[in-house]
Student: 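This structure is in C-alpha coordinates; I'll ask about it shortly.
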There are 2 protein chains.
Amino acid sequence: MTAAENNKPKRDTYRHGDLRNALIEAGLELAHQGGPEAVVLRAATRQAGVAPNAAYRHFTDRNALLHAVSQAAMAHLARTMEAEQAALPPTTDAAAAARARFRAVGTGYLRFAQEEPGLFRTAFHVPGDMTHAAADTAAGATGKTPFELLGAALDGLVEAGLLPEDRRPGAEFLAWSAVHGLAALLVDGPLRGLHPTQAHDAGQHVIDMIERGI
Amino acid sequence: MTAAENNKPKRDTYRHGDLRNALIEAGLELAHQGGPEAVVLRAATRQAGVAPNAAYRHFTDRNALLHAVSQAAMAHLARTMEAEQAALPPTTDAAAAARARFRAVGTGYLRFAQEEPGLFRTAFHVPGDMTHAAADTAAGATGKTPFELLGAALDGLVEAGLLPEDRRPGAEFLAWSAVHGLAALLVDGPLRGLHPTQAHDAGQHVIDMIERGI
DNA sequence: TCCGAATGTGGACATCGTACACAAAGGGTG
DNA sequence: CACCCTTTGTGTACGATGTCCACATTCGGA
(Lines give C-alpha, C1' and ligand atoms only; values in the text may rest on other atoms or scores of the structure.)
Protein backbone atom coordinates (compact mmCIF):
# COMPACT_ATOMS: atom_id res chain seq x y z
CA MET A 1 0.00 0.00 0.00
CA THR A 2 2.48 2.58 -1.06
CA ALA A 3 -0.02 4.41 -3.25
CA ALA A 4 -2.02 6.96 -1.32
CA GLU A 5 -4.90 7.59 -3.65
CA ASN A 6 -6.75 4.30 -3.12
CA ASN A 7 -5.56 3.99 0.43
CA LYS A 8 -8.13 6.44 1.57
CA PRO A 9 -7.91 7.25 5.26
CA LYS A 10 -10.83 6.12 7.37
CA ARG A 11 -11.35 9.73 8.34
CA ASP A 12 -10.61 12.60 6.03
CA THR A 13 -10.99 15.18 8.73
CA TYR A 14 -7.81 14.53 10.62
CA ARG A 15 -5.21 17.22 10.42
CA HIS A 16 -7.58 19.82 9.20
CA GLY A 17 -4.55 21.97 8.72
CA ASP A 18 -5.67 25.19 10.27
CA LEU A 19 -8.73 24.42 12.31
CA ARG A 20 -8.07 27.22 14.75
CA ASN A 21 -8.35 29.87 12.05
CA ALA A 22 -11.20 28.05 10.38
CA LEU A 23 -13.14 28.26 13.63
CA ILE A 24 -12.37 31.93 14.04
CA GLU A 25 -13.48 32.52 10.48
CA ALA A 26 -16.70 30.61 11.10
CA GLY A 27 -17.16 32.59 14.27
CA LEU A 28 -16.76 35.84 12.37
CA GLU A 29 -19.41 34.70 9.93
CA LEU A 30 -21.76 33.91 12.81
CA ALA A 31 -20.98 37.18 14.55
CA HIS A 32 -21.51 39.08 11.31
CA GLN A 33 -25.15 38.12 11.44
CA GLY A 34 -26.26 37.83 15.01
CA GLY A 35 -23.56 39.41 17.15
CA PRO A 36 -21.62 37.78 19.96
CA GLU A 37 -24.43 35.57 21.24
CA ALA A 38 -24.63 33.97 17.79
CA VAL A 39 -21.07 32.71 18.11
CA VAL A 40 -22.09 29.19 19.04
CA LEU A 41 -19.34 26.63 19.46
CA ARG A 42 -21.22 23.78 17.84
CA ALA A 43 -22.28 25.92 14.92
CA ALA A 44 -18.70 26.98 14.29
CA THR A 45 -17.42 23.40 14.33
CA ARG A 46 -20.30 22.36 12.09
CA GLN A 47 -19.35 25.01 9.58
CA ALA A 48 -15.75 23.82 9.74
CA GLY A 49 -16.92 20.25 9.10
CA VAL A 50 -15.63 18.97 12.37
CA ALA A 51 -16.95 17.44 15.58
CA PRO A 52 -17.89 19.86 18.37
CA ASN A 53 -15.15 18.67 20.68
CA ALA A 54 -12.46 19.36 18.14
CA ALA A 55 -12.71 22.98 19.14
CA TYR A 56 -11.37 22.14 22.57
CA ARG A 57 -7.99 21.32 21.06
CA HIS A 58 -7.61 24.97 20.08
CA PHE A 59 -9.70 26.86 22.61
CA THR A 60 -10.16 26.07 26.27
CA ASP A 61 -13.65 27.42 26.23
CA ARG A 62 -16.44 28.77 24.15
CA ASN A 63 -15.40 32.01 25.76
CA ALA A 64 -11.87 31.66 24.47
CA LEU A 65 -13.21 31.21 20.95
CA LEU A 66 -15.48 34.20 21.36
CA HIS A 67 -12.55 36.20 22.63
CA ALA A 68 -10.52 35.34 19.53
CA VAL A 69 -13.43 36.24 17.28
CA SER A 70 -13.81 39.48 19.18
CA GLN A 71 -10.17 40.33 18.55
CA ALA A 72 -10.59 39.58 14.88
CA ALA A 73 -13.62 41.84 14.75
CA MET A 74 -11.59 44.57 16.41
CA ALA A 75 -8.98 44.17 13.70
CA HIS A 76 -11.71 44.61 11.10
CA LEU A 77 -12.65 47.85 12.81
CA ALA A 78 -9.04 49.00 12.66
CA ARG A 79 -8.87 48.26 8.94
CA THR A 80 -12.07 50.19 8.29
CA MET A 81 -10.64 53.18 10.11
CA GLU A 82 -7.40 52.93 8.16
CA ALA A 83 -9.34 52.74 4.92
CA GLU A 84 -11.28 55.86 5.87
CA GLN A 85 -8.02 57.71 6.36
CA ALA A 86 -6.50 56.31 3.19
CA ALA A 87 -9.46 57.55 1.15
CA LEU A 88 -8.81 61.13 2.22
CA PRO A 89 -8.02 63.54 -0.63
CA PRO A 90 -4.41 64.71 -0.53
CA THR A 91 -3.75 68.15 0.87
CA THR A 92 -0.71 70.34 1.17
CA ASP A 93 -2.15 72.10 4.19
CA ALA A 94 -0.66 70.20 7.11
CA ALA A 95 -3.19 71.47 9.63
CA ALA A 96 -6.13 70.57 7.42
CA ALA A 97 -4.63 67.15 6.83
CA ALA A 98 -4.19 66.51 10.55
CA ARG A 99 -7.74 67.57 11.20
CA ALA A 100 -9.07 65.40 8.38
CA ARG A 101 -7.18 62.41 9.67
CA PHE A 102 -8.62 62.95 13.12
CA ARG A 103 -12.15 63.17 11.84
CA ALA A 104 -11.63 60.11 9.68
CA VAL A 105 -10.89 58.11 12.81
CA GLY A 106 -14.34 58.94 14.08
CA THR A 107 -16.22 58.52 10.83
CA GLY A 108 -14.53 55.20 10.13
CA TYR A 109 -15.47 54.01 13.57
CA LEU A 110 -19.06 55.03 13.09
CA ARG A 111 -19.25 53.62 9.59
CA PHE A 112 -18.08 50.25 10.80
CA ALA A 113 -20.63 50.29 13.60
CA GLN A 114 -23.40 50.94 11.11
CA GLU A 115 -22.29 48.65 8.32
CA GLU A 116 -21.26 45.77 10.56
CA PRO A 117 -23.36 45.96 13.69
CA GLY A 118 -22.86 42.29 14.48
CA LEU A 119 -19.08 42.55 14.28
CA PHE A 120 -19.08 45.85 16.12
CA ARG A 121 -21.00 44.42 19.04
CA THR A 122 -18.76 41.39 19.01
CA ALA A 123 -15.64 43.51 19.03
CA PHE A 124 -16.78 45.23 22.20
CA HIS A 125 -18.22 42.20 23.87
CA VAL A 126 -15.78 41.66 26.68
CA PRO A 127 -16.15 38.20 28.16
CA GLY A 128 -14.66 38.51 31.61
CA ASP A 129 -11.65 40.64 32.38
CA MET A 130 -8.96 41.80 30.01
CA THR A 131 -7.34 44.86 28.51
CA HIS A 132 -8.81 44.03 25.21
CA ALA A 133 -8.22 46.64 22.58
CA ALA A 134 -4.51 46.77 23.21
CA ALA A 135 -3.50 43.35 21.97
CA ASP A 136 -1.75 43.07 18.64
CA THR A 137 -4.35 40.59 17.45
CA ALA A 138 -6.70 43.56 17.35
CA ALA A 139 -4.50 45.57 15.04
CA GLY A 140 -5.17 46.48 11.42
CA ALA A 141 -2.91 46.59 8.41
CA THR A 142 -0.67 49.28 9.84
CA GLY A 143 -0.25 47.29 13.05
CA LYS A 144 -2.20 49.78 15.07
CA THR A 145 -5.25 49.04 17.18
CA PRO A 146 -8.26 51.35 16.97
CA PHE A 147 -7.19 52.98 20.21
CA GLU A 148 -3.69 53.59 18.88
CA LEU A 149 -5.05 55.03 15.65
CA LEU A 150 -7.00 57.53 17.71
CA GLY A 151 -3.93 58.40 19.76
CA ALA A 152 -1.87 58.98 16.64
CA ALA A 153 -4.54 61.25 15.19
CA LEU A 154 -4.61 63.28 18.39
CA ASP A 155 -0.82 63.58 18.33
CA GLY A 156 -1.20 64.88 14.80
CA LEU A 157 -3.57 67.56 16.04
CA VAL A 158 -1.04 68.67 18.63
CA GLU A 159 1.78 68.78 16.07
CA ALA A 160 -0.39 70.85 13.76
CA GLY A 161 -1.08 73.27 16.58
CA LEU A 162 -4.78 72.51 16.56
CA LEU A 163 -4.79 71.06 20.07
CA PRO A 164 -2.95 72.69 22.99
CA GLU A 165 -0.45 70.32 24.50
CA ASP A 166 -1.91 70.58 27.96
CA ARG A 167 -5.19 69.29 26.62
CA ARG A 168 -3.63 66.24 25.04
CA PRO A 169 -3.40 63.95 28.09
CA GLY A 170 -6.52 61.87 28.42
CA ALA A 171 -8.00 63.32 25.27
CA GLU A 172 -8.42 59.88 23.74
CA PHE A 173 -10.92 58.97 26.39
CA LEU A 174 -12.99 62.06 25.73
CA ALA A 175 -13.07 61.50 22.00
CA TRP A 176 -13.54 57.80 22.30
CA SER A 177 -16.38 58.17 24.79
CA ALA A 178 -18.33 60.47 22.53
CA VAL A 179 -17.90 58.47 19.35
CA HIS A 180 -18.35 55.11 21.01
CA GLY A 181 -21.47 56.35 22.74
CA LEU A 182 -23.04 57.45 19.50
CA ALA A 183 -22.09 54.16 17.91
CA ALA A 184 -23.74 52.27 20.75
CA LEU A 185 -26.90 54.32 20.45
CA LEU A 186 -26.95 53.71 16.70
CA VAL A 187 -26.24 50.00 16.88
CA ASP A 188 -28.63 48.91 19.58
CA GLY A 189 -29.87 51.98 21.31
CA PRO A 190 -32.78 54.29 20.62
CA LEU A 191 -31.10 55.61 17.49
CA ARG A 192 -31.09 52.25 15.81
CA GLY A 193 -32.43 52.11 12.32
CA LEU A 194 -31.64 55.74 11.70
CA HIS A 195 -31.23 56.45 8.03
CA PRO A 196 -27.54 56.23 7.06
CA THR A 197 -27.57 59.84 5.93
CA GLN A 198 -28.98 61.08 9.22
CA ALA A 199 -26.62 58.83 11.10
CA HIS A 200 -23.73 60.35 9.19
CA ASP A 201 -24.93 63.83 10.11
CA ALA A 202 -25.24 62.86 13.75
CA GLY A 203 -21.69 61.56 13.57
CA GLN A 204 -20.43 64.84 12.16
CA HIS A 205 -22.19 66.73 14.93
CA VAL A 206 -20.63 64.57 17.58
CA ILE A 207 -17.19 65.03 16.06
CA ASP A 208 -17.83 68.77 15.92
CA MET A 209 -18.63 68.70 19.59
CA ILE A 210 -15.42 66.82 20.30
CA GLU A 211 -13.34 69.31 18.38
CA ARG A 212 -14.91 72.18 20.28
CA GLY A 213 -14.86 70.55 23.67
CA ILE A 214 -11.73 68.49 23.71
CA MET B 1 -65.62 21.76 55.07
CA THR B 2 -66.38 25.33 55.78
CA ALA B 3 -63.15 25.89 57.67
CA ALA B 4 -60.27 26.77 55.41
CA GLU B 5 -57.31 26.09 57.66
CA ASN B 6 -57.46 22.29 57.57
CA ASN B 7 -58.83 22.20 54.05
CA LYS B 8 -55.40 22.65 52.63
CA PRO B 9 -55.30 22.80 48.83
CA LYS B 10 -53.46 20.02 47.06
CA ARG B 11 -51.13 22.62 45.64
CA ASP B 12 -50.17 25.73 47.50
CA THR B 13 -48.63 27.37 44.49
CA TYR B 14 -51.78 28.14 42.59
CA ARG B 15 -52.74 31.77 42.35
CA HIS B 16 -49.34 33.00 43.29
CA GLY B 17 -50.90 36.38 43.40
CA ASP B 18 -48.36 38.43 41.57
CA LEU B 19 -46.14 36.02 39.75
CA ARG B 20 -45.42 38.45 36.96
CA ASN B 21 -43.80 40.94 39.31
CA ALA B 22 -42.13 38.17 41.28
CA LEU B 23 -40.46 37.02 38.07
CA ILE B 24 -39.34 40.52 37.19
CA GLU B 25 -37.96 40.92 40.69
CA ALA B 26 -36.10 37.63 40.40
CA GLY B 27 -34.84 38.71 37.01
CA LEU B 28 -33.54 41.96 38.49
CA GLU B 29 -31.70 39.98 41.13
CA LEU B 30 -30.15 37.80 38.44
CA ALA B 31 -29.29 40.79 36.27
CA HIS B 32 -27.79 42.58 39.26
CA GLN B 33 -25.07 39.97 39.37
CA GLY B 34 -24.39 38.73 35.89
CA GLY B 35 -26.04 41.13 33.51
CA PRO B 36 -28.64 40.31 30.87
CA GLU B 37 -27.30 36.89 29.97
CA ALA B 38 -27.79 35.84 33.58
CA VAL B 39 -31.52 36.42 33.31
CA VAL B 40 -32.39 32.77 32.86
CA LEU B 41 -36.04 31.86 32.68
CA ARG B 42 -35.74 28.69 34.68
CA ALA B 43 -33.68 30.39 37.35
CA ALA B 44 -36.28 33.12 37.75
CA THR B 45 -39.12 30.63 38.11
CA ARG B 46 -37.04 28.61 40.54
CA GLN B 47 -36.51 31.67 42.68
CA ALA B 48 -40.23 32.36 42.57
CA GLY B 49 -40.94 28.80 43.66
CA VAL B 50 -42.80 27.91 40.53
CA ALA B 51 -42.52 25.55 37.58
CA PRO B 52 -40.60 26.84 34.55
CA ASN B 53 -43.63 26.90 32.31
CA ALA B 54 -45.57 29.10 34.67
CA ALA B 55 -43.57 31.99 33.26
CA TYR B 56 -45.28 31.53 29.92
CA ARG B 57 -48.59 32.64 31.40
CA HIS B 58 -47.11 36.08 31.92
CA PHE B 59 -44.44 36.38 29.24
CA THR B 60 -44.56 35.02 25.73
CA ASP B 61 -40.85 34.50 25.70
CA ARG B 62 -37.69 34.55 27.68
CA ASN B 63 -37.07 37.67 25.64
CA ALA B 64 -40.29 39.25 26.88
CA LEU B 65 -39.20 38.63 30.45
CA LEU B 66 -35.78 40.05 29.73
CA HIS B 67 -37.41 43.06 28.15
CA ALA B 68 -39.49 43.68 31.26
CA VAL B 69 -36.43 43.32 33.46
CA SER B 70 -34.60 45.71 31.18
CA GLN B 71 -37.35 48.30 31.59
CA ALA B 72 -37.21 47.89 35.35
CA ALA B 73 -33.45 48.39 35.28
CA MET B 74 -33.97 51.54 33.22
CA ALA B 75 -36.35 52.79 35.89
CA HIS B 76 -33.64 52.17 38.49
CA LEU B 77 -31.32 54.30 36.41
CA ALA B 78 -33.91 57.07 36.30
CA ARG B 79 -34.28 56.98 40.08
CA THR B 80 -30.52 57.17 40.57
CA MET B 81 -30.39 60.22 38.34
CA GLU B 82 -33.27 61.82 40.21
CA ALA B 83 -31.54 61.11 43.51
CA GLU B 84 -28.38 62.76 42.24
CA GLN B 85 -30.35 65.88 41.42
CA ALA B 86 -32.23 65.79 44.70
CA ALA B 87 -28.97 65.68 46.64
CA LEU B 88 -27.83 68.96 45.11
CA PRO B 89 -27.25 71.79 47.61
CA PRO B 90 -29.84 74.53 47.27
CA THR B 91 -28.81 77.66 45.40
CA THR B 92 -30.40 81.01 44.75
CA ASP B 93 -28.40 81.45 41.58
CA ALA B 94 -30.75 80.17 38.90
CA ALA B 95 -28.02 79.71 36.31
CA ALA B 96 -25.79 77.80 38.69
CA ALA B 97 -28.74 75.63 39.65
CA ALA B 98 -29.56 74.83 36.03
CA ARG B 99 -25.97 73.93 35.36
CA ALA B 100 -25.76 71.77 38.46
CA ARG B 101 -28.92 69.93 37.51
CA PHE B 102 -27.53 69.28 34.05
CA ARG B 103 -24.28 67.90 35.40
CA ALA B 104 -26.14 65.78 37.93
CA VAL B 105 -27.88 64.02 35.05
CA GLY B 106 -24.52 62.90 33.78
CA THR B 107 -22.95 62.05 37.11
CA GLY B 108 -26.01 60.09 38.19
CA TYR B 109 -25.91 58.15 34.94
CA LEU B 110 -22.24 57.35 35.40
CA ARG B 111 -22.63 56.49 39.04
CA PHE B 112 -25.34 53.99 38.24
CA ALA B 113 -23.20 52.42 35.54
CA GLN B 114 -20.37 51.95 38.00
CA GLU B 115 -22.35 50.86 41.02
CA GLU B 116 -24.74 48.59 39.15
CA PRO B 117 -22.91 47.33 36.06
CA GLY B 118 -25.17 44.31 35.74
CA LEU B 119 -28.33 46.39 35.81
CA PHE B 120 -26.80 49.02 33.56
CA ARG B 121 -25.91 46.48 30.91
CA THR B 122 -29.34 44.96 31.26
CA ALA B 123 -31.05 48.30 30.86
CA PHE B 124 -29.31 48.84 27.55
CA HIS B 125 -29.60 45.31 26.32
CA VAL B 126 -32.07 45.71 23.51
CA PRO B 127 -33.52 42.38 22.47
CA GLY B 128 -34.86 43.00 19.00
CA ASP B 129 -36.49 46.21 17.90
CA MET B 130 -38.13 48.80 20.11
CA THR B 131 -38.07 52.39 21.12
CA HIS B 132 -37.01 51.34 24.52
CA ALA B 133 -36.12 54.24 26.75
CA ALA B 134 -39.35 56.06 26.00
CA ALA B 135 -41.84 53.72 27.65
CA ASP B 136 -43.40 54.74 30.93
CA THR B 137 -42.27 51.49 32.50
CA ALA B 138 -38.76 52.91 32.28
CA ALA B 139 -39.62 56.03 34.26
CA GLY B 140 -38.47 56.91 37.75
CA ALA B 141 -40.29 58.50 40.66
CA THR B 142 -40.98 61.74 38.82
CA GLY B 143 -42.44 59.82 35.89
CA LYS B 144 -39.59 60.78 33.61
CA THR B 145 -37.37 58.39 31.70
CA PRO B 146 -33.60 58.95 31.70
CA PHE B 147 -33.86 60.49 28.27
CA GLU B 148 -36.59 62.86 29.39
CA LEU B 149 -34.58 63.86 32.45
CA LEU B 150 -31.73 64.81 30.15
CA GLY B 151 -34.06 66.80 27.91
CA ALA B 152 -35.47 68.69 30.87
CA ALA B 153 -31.99 69.54 32.11
CA LEU B 154 -31.06 70.87 28.67
CA ASP B 155 -34.21 72.97 28.59
CA GLY B 156 -33.12 74.35 31.93
CA LEU B 157 -29.78 75.36 30.44
CA VAL B 158 -31.56 77.23 27.65
CA GLU B 159 -33.87 79.02 30.08
CA ALA B 160 -30.90 80.02 32.19
CA GLY B 161 -29.22 81.45 29.10
CA LEU B 162 -26.36 78.99 29.34
CA LEU B 163 -27.17 77.29 26.05
CA PRO B 164 -28.08 79.22 22.89
CA GLU B 165 -31.48 78.21 21.62
CA ASP B 166 -30.19 77.30 18.18
CA ARG B 167 -27.91 74.75 19.78
CA ARG B 168 -30.69 73.07 21.69
CA PRO B 169 -32.12 70.81 18.93
CA GLY B 170 -30.42 67.45 18.96
CA ALA B 171 -28.31 68.39 21.94
CA GLU B 172 -29.55 65.39 23.92
CA PHE B 173 -27.91 63.06 21.47
CA LEU B 174 -24.58 64.81 21.78
CA ALA B 175 -24.65 64.76 25.56
CA TRP B 176 -26.05 61.29 25.75
CA SER B 177 -23.48 59.93 23.33
CA ALA B 178 -20.58 61.25 25.34
CA VAL B 179 -21.82 60.12 28.72
CA HIS B 180 -23.11 56.80 27.51
CA GLY B 181 -19.85 56.12 25.74
CA LEU B 182 -17.83 56.71 28.86
CA ALA B 183 -20.20 54.54 30.81
CA ALA B 184 -19.79 51.75 28.29
CA LEU B 185 -16.01 52.01 28.43
CA LEU B 186 -16.15 51.93 32.21
CA VAL B 187 -18.58 49.05 32.49
CA ASP B 188 -17.11 46.60 30.04
CA GLY B 189 -14.60 48.45 27.98
CA PRO B 190 -10.92 49.10 28.46
CA LEU B 191 -11.64 51.45 31.35
CA ARG B 192 -13.22 48.76 33.42
CA GLY B 193 -12.02 48.43 36.95
CA LEU B 194 -10.90 52.03 37.10
CA HIS B 195 -10.79 53.31 40.63
CA PRO B 196 -14.08 55.03 41.48
CA THR B 197 -12.25 58.28 42.15
CA GLN B 198 -10.53 58.24 38.78
CA ALA B 199 -13.76 57.22 37.14
CA HIS B 200 -15.47 60.18 38.74
CA ASP B 201 -12.75 62.50 37.43
CA ALA B 202 -13.09 61.04 33.96
CA GLY B 203 -16.82 61.66 34.18
CA GLN B 204 -16.27 65.30 35.13
CA HIS B 205 -13.91 65.74 32.21
CA VAL B 206 -16.42 64.28 29.80
CA ILE B 207 -19.13 66.55 31.14
CA ASP B 208 -16.76 69.49 30.84
CA MET B 209 -16.22 68.57 27.22
CA ILE B 210 -19.96 68.43 26.66
CA GLU B 211 -20.50 71.85 28.19
CA ARG B 212 -17.80 73.33 25.98
CA GLY B 213 -18.74 71.50 22.83
CA ILE B 214 -22.47 71.25 22.94
C1' DT C 1 10.72 1.82 12.89
C1' DC C 2 8.45 2.91 16.80
C1' DC C 3 6.39 5.86 20.15
C1' DG C 4 4.64 9.88 22.27
C1' DA C 5 2.32 14.13 21.35
C1' DA C 6 -1.19 16.41 18.79
C1' DT C 7 -5.62 16.34 16.90
C1' DG C 8 -10.39 14.52 16.08
C1' DT C 9 -14.31 11.39 17.17
C1' DG C 10 -18.20 9.43 19.88
C1' DG C 11 -21.02 9.14 23.59
C1' DA C 12 -22.85 11.10 27.74
C1' DC C 13 -24.72 14.57 30.92
C1' DA C 14 -26.72 18.74 32.92
C1' DT C 15 -29.05 22.83 31.62
C1' DC C 16 -31.77 25.72 28.86
C1' DG C 17 -35.89 27.40 26.14
C1' DT C 18 -40.17 25.91 24.85
C1' DA C 19 -44.32 23.01 23.06
C1' DC C 20 -48.30 20.16 24.43
C1' DA C 21 -51.59 18.08 27.28
C1' DC C 22 -53.61 18.21 31.68
C1' DA C 23 -55.21 19.94 36.49
C1' DA C 24 -56.81 22.96 39.76
C1' DA C 25 -58.60 27.43 41.33
C1' DG C 26 -61.69 31.56 40.64
C1' DG C 27 -65.29 34.22 38.91
C1' DG C 28 -69.43 34.97 36.73
C1' DT C 29 -74.12 33.51 35.36
C1' DG C 30 -78.00 30.64 35.90
C1' DC D 1 -75.85 27.33 45.44
C1' DA D 2 -74.43 24.79 41.09
C1' DC D 3 -72.25 25.02 36.81
C1' DC D 4 -68.95 26.14 33.40
C1' DC D 5 -65.35 28.69 31.30
C1' DT D 6 -61.19 31.20 31.83
C1' DT D 7 -56.94 31.77 34.18
C1' DT D 8 -52.92 30.05 36.07
C1' DG D 9 -49.68 26.30 37.26
C1' DT D 10 -47.83 21.45 36.64
C1' DG D 11 -45.55 17.48 34.17
C1' DT D 12 -43.51 15.42 30.51
C1' DA D 13 -40.89 15.76 26.50
C1' DC D 14 -37.77 17.39 22.78
C1' DG D 15 -33.99 19.57 20.51
C1' DA D 16 -29.92 22.42 21.22
C1' DT D 17 -25.98 23.82 23.72
C1' DG D 18 -21.43 23.64 26.46
C1' DT D 19 -18.43 20.49 28.25
C1' DC D 20 -16.35 16.00 30.24
C1' DC D 21 -14.29 11.48 29.36
C1' DA D 22 -12.47 7.63 26.94
C1' DC D 23 -10.84 6.30 22.59
C1' DA D 24 -8.83 6.55 17.71
C1' DT D 25 -5.88 8.19 14.34
C1' DT D 26 -2.14 10.67 12.44
C1' DC D 27 2.27 13.16 12.56
C1' DG D 28 6.88 14.10 13.69
C1' DG D 29 10.86 12.99 15.56
C1' DA D 30 14.25 9.56 18.23
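Residue numbers start from 1 in every chain, and the chains themselves are labelled A, B, ... in the order their sequence lines are given, proteins ahead of strands.
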Student: Rounded to the nearest 0.5 Å, what separation is found between the NE2 atom of B:His205 and the CD1 atom of B:Ile210?
Tutor: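 It is 13.0 Å, given to the nearest 0.5 Å.
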Student: Parallel, tilted or perpendicular: which describes the rings of A:Trp176 and A:Phe147, with under 30° parallel and over 60° perpendicular?
Tutor: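 Judged by the thresholds at 30° and 60°, the geometry between A:Trp176 and A:Phe147 is tilted.
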Student: I need the CG-P distance between A:Asp18 and C:dT7, as an integer number of Å.
Tutor: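 After rounding, the reported distance stands at 11 Å.
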Student: Starting at CG of A:Leu19 and ending at C1' of D:dT25, how long is that distance when rounded to a whole Å?
Tutor: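 Taking atom C1' of D:dT25 as the reference, CG of A:Leu19 is at 16 Å.
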Student: Using the side-chain hydrogen bond (donor to acceptor under 3.5 Å, both in side chains) definition, which of the options B:His200, B:Glu116, B:Glu84 pairs with B:Arg111?
Tutor: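 Passing option: B:Glu84.
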Student: Are OP1 or OP2 of D:dC20 and a side-chain N or O of A:Tyr56 less than 4.0 angstrom apart?
Tutor: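 Indeed not, no polar side-chain atom of A:Tyr56 lies that close.
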Student: Where the side chain of B:Gln85 meets the backbone of B:Arg101, is there a donor-acceptor pair that is under 3.5 Å apart?
Tutor: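 The answer is yes, because a donor-acceptor pair under 3.5 Å joins these two groups.
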Student: How about B:Arg167: does its CZ atom have over 12 heavy atoms from other parts shown lying under 6.0 Å from it?
Tutor: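 Check fails, neighbour count at 12 or below.
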Student: Any donor-acceptor pair under 3.5 Å joining the side chain of B:Arg42 to the base of C:dT18?
Tutor: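 Pair found.
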Student: Does A:Arg57 or B:Ala51 map to a spot on DNA chain D nearer the 5' end, using the closest nucleotide for each?
Tutor: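 The residue whose closest nucleotide sits nearer the 5' end is B:Ala51.
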Student: With a 3.5 Å cut-off and just heavy-atom distances, do the side chain of A:Arg20 and the base of C:dT7 make a donor-acceptor pair?
Tutor: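 Such a pair does not exist between side chain and base.
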Student: Expressed as a whole number of angstroms, how long is the span from B:Phe59:CZ to C:dA19:P?
Tutor: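 Answer to the nearest Å: 16 Å.
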Student: Less than 6.0 Å separating the ring centroids of A:His180 and A:Phe124?
Tutor: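 For A:His180 and A:Phe124, the ring centres are under 6.0 Å apart.
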Student: Salt-bridge test for A:Glu211 and A:Arg103: reply yes if a basic N is under 4.0 Å from a carboxylate O, no otherwise.
Tutor: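 Result for this pair is yes, salt bridge flagged.
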Student: Considering only heavy atoms from C-beta outward, does the side chain of B:Val105 approach that of B:Leu154 to under 4.5 Å?
Tutor: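 B:Val105 does not reach B:Leu154 side chain to side chain.
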Student: For DNA chain C, which residues of residues 34-41 of chain B approach it to below 4.0 angstrom with any heavy atom?
Tutor: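 Only B:Val40, B:Leu41 qualify.
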Student: Here's a test of your reading of the structure: between B:Arg46 and B:Asn53, which maps to the more 5' nucleotide of DNA chain C?
Tutor: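 Per heavy-atom nearest nucleotide, the more 5' residue is B:Arg46.
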Student: Take the C1' atoms of the five end pairs on each side of the helix from C:dT1-D:dA30 to C:dG30-D:dC1, get both axes, and report the angle to 10 degrees.
Tutor: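 Roughly 0°, once rounded to the nearest ten degrees.
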Student: Below 4.0 angstrom from OP1 or OP2 of C:dG8, is there any side-chain N or O of A:His58?
Tutor: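 It does, given that an N or O in the side chain of A:His58 lies less than 4.0 Å from OP1 or OP2 of C:dG8.
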Student: Figure out the CG/P separation between A:Asn63 and D:dT17, and round it to whole Å.
Tutor: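 About 17 Å, once rounded to whole Å.
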Student: Test side chain to side chain contact (heavy atoms under 4.5 Å, CB included) on A:Arg57 and A:Leu19; report intermediate values, then the result.
Tutor: CA-CA 9 Å; A:Arg57 300 296 169 188; A:Leu19 183 54; over 6 Å; no
Student: Have a look at B:Arg62 and say if it touches a base, only the backbone sugar-phosphate, or nothing, with a 4.0 Å heavy-atom cut-off.
Tutor: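 Sugar-phosphate, no base atom in range.
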